[in-house]
Amino acid sequence: MDKLDEYVVGQTDCLIRFEGRADNRALATALATQARRSIDILSPDLEPAIYDHRQLVQALADLARRSRYSTVRILVCDANRVVKTGHRLVETARRLSSSIHLHRPDEEHMDLREGFVLVDEQAFLHKNIASRYEGEANFKAPLRARELGKRFDELWETSAPELELRRLHI
């Protein structure tokens with residue numbers, strides 16, 4: 001994606017449609033890098049092509065360390081796959097377990113197919129089918145971000161910490 005540095009969370013209101021792994025990762029990373037207060041991620045399996053990327057993981061770690069009021073919440077359905085293959089984000093979450101929270105949805109919602117990233121209640125990246133690298137994003141869409149945030153909060157309220165991702169596997 002060209003010109004992502006021109007998009008600013010909370011300022012640039014432009015719907016961006018994307019296709020492809022590289023664009024998906026670039027947008028997710030740009031959003032995470034600009035997060036100042038919070039980031040919520042819903043991903044069925046923490047898509048390694050997107051979330052197991054050094055720059056994105058560093059942005060989440062920086063946010064987690066920025067302030068005790070910063071929040072990083074991640075909902076992941078299939079922890080087994082993540083544990084078997086290894087994942088930078090999981091390793092970082094283990095080190096910053098008081099700031100980066102990994103949960104799994106309740107049984108009723110384990111078949112979630114969509115995926116999204118929400119930043120500071122202002123910006124979003126959304127995919128109807130998380131396993132596909134196509135969707136839309138906007139760096140300033142507070143109404144849509146709040147709508148997705150409400151859905152995330154509902155899922156989070158009935159979720160539980162993902163203990164499989166917290167354990168160290170040697």
Determine, step by step, whether Arg144 and Asp13 satisfy the salt bridge (charged side-chain N to carboxylate O under 4.0 Å, His left out) criterion, reporting the C-alpha distance in whole Å, the side-chain angles of both residues, the deciding distance to 0.1 Å, and the verdict. CA-CA 12 Å; Arg144 176 66 193 235; Asp13 182 4; over 6 Å; no

Evaluation steps, side chain to side chain contact (heavy atoms under 4.5 Å, CB included), between Leu112 and Leu155: CA-CA 10 Å; Leu112 290 168; Leu155 293 168; 3.9 Å; yes

In sequence, state the C-alpha distance, the side-chain angles, and the governing distance for Arg88 and Glu91, and then conclude on salt bridge (charged side-chain N to carboxylate O under 4.0 Å, His left out). CA-CA 5 Å; Arg88 287 181 192 133; Glu91 297 306 318; over 6 Å; no

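Closest heavy-atom contact between His87 and Pro48: NE2-CA, 4.0 Å. Pairing each heavy atom of Asn138 with each of Cys14, the nearest pair is OD1-N, 3.3 Å. Ala145 approaches Leu118 most closely through the heavy-atom pair O-CD2, 4.0 Å. Among all heavy-atom pairs drawn from Cys77 and Pro105, the shortest one is SG-CG, 3.7 Å. When all heavy atoms are compared, the tightest approach of Ser159 to Arg104 is CB-O, 3.1 Å.
A continuous path of ILVMFWY side-chain contacts below 4.5 Å connects Leu60 to Leu4, so both sit in one hydrophobic cluster. Leu148 and Val9 end up in different hydrophobic clusters when Ile, Leu, Val, Met, Phe, Trp and Tyr side chains are linked at under 4.5 Å. Residues Phe152 and Val117 are members of separate hydrophobic clusters, defined by side-chain heavy-atom contacts under 4.5 angstrom among Ile, Leu, Val, Met, Phe, Trp and Tyr. When hydrophobic clusters are built by joining Ile, Leu, Val, Met, Phe, Trp and Tyr residues whose side-chain heavy atoms come closer than 4.5 Å, directly or via intermediates, Val72 is grouped together with Ile50. Following chains of ILVMFWY side-chain contacts shorter than 4.5 Å, one cannot reach Leu31 starting from Leu75, and the two form parts of different hydrophobic clusters.
No more than 12 heavy atoms of other residues, nucleotides or ligands sit less than 6.0 Å from atom CZ of Arg132. Heavy-atom contacts from other residues, nucleotides or ligands closer than 6.0 Å to CD of Glu19 number 12 or fewer. By the 6.0 Å contact criterion, CD on Gln55 is open, its count of non-hydrogen atoms from other residues, nucleotides or ligands being 12 or less. More than 12 non-hydrogen atoms from other residues, nucleotides or ligands lie less than 6.0 angstrom from CZ of Arg36.
Between Trp156 and His101, the ring planes lie perpendicular to each other; the angle is over 60°, past the 30° to 60° tilted range.
At least one donor-acceptor pair under 3.5 Å links the side chain of Arg66 to the backbone N or O of Ala35. Gln34 places a side-chain N or O within donor-acceptor distance of the main-chain N or O of Tyr7, the cut-off being under 3.5 Å.
If you take CD on Gln122 and NZ on Lys140, they are separated by 7.5 Å, rounding to the nearest 0.5 Å. Note that CG of Leu46 and CG of Asp78 are 10.0 Å apart. Values are rounded to the nearest 0.5 Å. Expressed to the nearest 0.5 Å, how far CD of Gln58 lies from OG1 of Thr92 amounts to 7.5 Å. Interatomic distance, Leu63 CG to Ser38 OG, rounded to the nearest 0.5 Å: 7.5 Å. With rounding to the nearest 0.5 Å, the separation of CG in Leu42 from CG in Leu125 is 11.5 Å. Here CD1 of Ile41 is found 4.5 Å from CD1 of Ile74. Values are rounded to the nearest 0.5 Å.
Considering only heavy atoms from C-beta on, Lys127 comes within 4.5 Å of Tyr133 through its side chain. When side chains are defined from C-beta on, His109 counts as touching Asp106, because their heavy atoms get closer than 4.5 Å. Within the 4.5 Å cutoff, no side-chain heavy atoms of Leu56 are placed close to those of Arg25. Put simply, the side chain of Glu6 does not reach to within 4.5 Å of the side chain of Phe139, judged on heavy atoms.
The salt bridge (charged side-chain N to carboxylate O under 4.0 Å, His left out) check on Asp120 picks up nothing, with sequence neighbours excluded. Partners of Arg151 by side chain to side chain donor-acceptor pair (under 3.5 Å), not counting sequence neighbours, listed by chain and number: Glu114.
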